Amino acid sequence: MDIRTTDVIADDSRLPSLLALGRTYYPPDSPVLTEQFLRWLYMDNPSGRATLVVAQSDDLWIGVIALVPVPLEWRGRGQKACMAVNVLTHRDFRGQKLFVRMINHARSVLESEGRWLLGHPSDNATPGWKRQEMEFRDPLRMYLAKFKLPFSSVRKRRVRTLSELRDIPDDFWAELAARPDVHIKYTPEFIAWRFLDAPHLEYAVSAVEKRGEFLGLCVSRRFRGPFDLMVDFAGPERALSGFLSGAMRPTLVAHPAMGTAGAQVRRGCWKLPV
């Protein structure tokens, strides 16, 4: 059996093959089985279209790794990267070392372009990623944000459009770029695509202010029961505890609680026992 790996740029012509492969694994109600979701994730990204690393047997797609561009920066210096998502192998072709073939191909492509490879593997995939010498961050711990006090000076207002994001002062985006950690390069366009335009989940993007000072942007979504989950924050690390103390609903925070940001998390949250 002839199996080959290739890389192609995502476009509408790839959707039938992606959907056919996805149906061998994902449940029928998965967003990965809708053209709207795939176009949003693979084609509408303002940082560029996804590269699909594909394992094929004749014309049949039997494996795929989607490499979605993610812009990073550190102290104002840019670093191109891709997030490996929706890693999938056809059930009928297990045991053919498809993951190894695809990840080796992906590494070759990204190394030639000077891009980092990022991922968030499941428990099943973690051993394979470790064999590929992926470096893992510190384990996440679960926290509960302290509730907003009745007379707190922290205020939140919902941001719903790209134009509202573009109205945020330029010096805020400049301060973000100067953060001392490696982080996503936040821009109005990236935040609008990643959160406001997402077709599969409803995210709440909120501008957080304290006594008239703009602290940053907090992103959350409904989780389970009465709980929200904080998904991201775009702001200087010193402002994180202000984000957390402004929570209007019970809000879970998953964070390794290391470094400067970790101290802010511990200040603005209660650590959960699990």
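A quick note: this is a predicted structure, and the numbers were derived from the prediction, not measured.
Nearest heavy-atom pair, M230 versus F233, reported as atom, atom and distance to 0.1 Å: CE-CD2, 4.1 Å. In this structure, A55 and L98 approach most closely via the heavy-atom pair CB-CD2, 4.2 Å. Minimum interatomic distance between P188 and L162 (heavy atoms only, all atoms of both residues): O-CD1, 3.4 Å.
With a 6.0 Å radius and a threshold of 12 heavy atoms from other residues, nucleotides or ligands, W74 has its CH2 atom at or below the threshold. More than 12 heavy-atom neighbours from other residues, nucleotides or ligands sit within 6.0 angstrom of CZ on R158. In R221, the CZ atom is crowded: over 12 heavy atoms of neighbouring residues, nucleotides or ligands sit closer than 6.0 Å. Within 6.0 Å of CZ in R267 there are 12 or fewer heavy atoms belonging to other residues, nucleotides or ligands.
Residue pairs meeting the side-chain hydrogen bond (donor to acceptor under 3.5 Å, both in side chains) criterion with at least one member in residues 10-22, sequence neighbours excluded: D11-S13, D12-R39.
In the hydrophobic clustering of this structure, W116 groups with Y186; members are Ile, Leu, Val, Met, Phe, Trp, Tyr whose side-chain heavy atoms approach within less than 4.5 Å, directly or through other members. Linking Ile, Leu, Val, Met, Phe, Trp and Tyr whenever their side-chain heavy atoms come within less than 4.5 Å leaves Y42 and L117 in two separate clusters.
Here the side chains of L110 and C82 are in contact, with some heavy-atom distance below 4.5 Å. Side-chain contact between V231 and S220: absent, with no pair of heavy atoms (C-beta onward) separated by less than 4.5 Å. Residues V85 and H120 are in side-chain contact: their nearest non-hydrogen atoms beyond the backbone lie under 4.5 Å apart. By the 4.5 Å heavy-atom criterion applied to side chains, L252 and L144 are counted as neighbours. Between L196 and E164, the closest side-chain pair of non-hydrogen atoms is not below 4.5 Å. Side chains of Q79 and V182 form no contact here, defined as non-hydrogen atoms less than 4.5 Å apart.
Between R222 and E202 there is no salt bridge, since none of the side-chain N atoms of the basic residue sits less than 4.0 Å from a carboxylate O of the acidic one.
Between the side chain of R23 and the main chain of L33, no donor-acceptor pair closer than 3.5 Å is present. Put simply, the side chain of T187 gets close to the backbone of F190: a donor and an acceptor are under 3.5 Å apart. With hydrogens and angles disregarded, a donor-acceptor distance shorter than 3.5 Å links the side chain of R49 to the backbone of A10. Between the side chain of N45 and the backbone N or O of P69, at least one donor-acceptor pair lies under 3.5 Å. Not one N or O on the side chain of R131 forms a donor-acceptor pair closer than 3.5 Å with the backbone of V100.
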Problem - Residues L21, V54; criterion side chain to side chain contact (heavy atoms under 4.5 Å, CB included); working and verdict - result: CA-CA 11 Å; L21 177 59; V54 181; over 6 Å; no
Practice task
Would you check, one step at a time, whether the test side chain to side chain contact (heavy atoms under 4.5 Å, CB included) holds for L217 with I168?
Solution key: CA-CA 10 Å; L217 296 166; I168 295 172; 3.9 Å; yes
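Judged by distance alone, the side chains of Y203 and D232 never bring a donor and an acceptor atom under 3.5 Å apart.
Remark: P46 engages E189, W193 in a side-chain contact (heavy atoms from CB on, under 4.5 Å) (not counting sequence neighbours).
Using cut-offs of 30° and 60° for the angle between ring planes, the H200 and W40 rings count as tilted.
Rounded to the nearest 0.5 angstrom, I184 CD1 and R194 CZ are separated by 8.0 Å.
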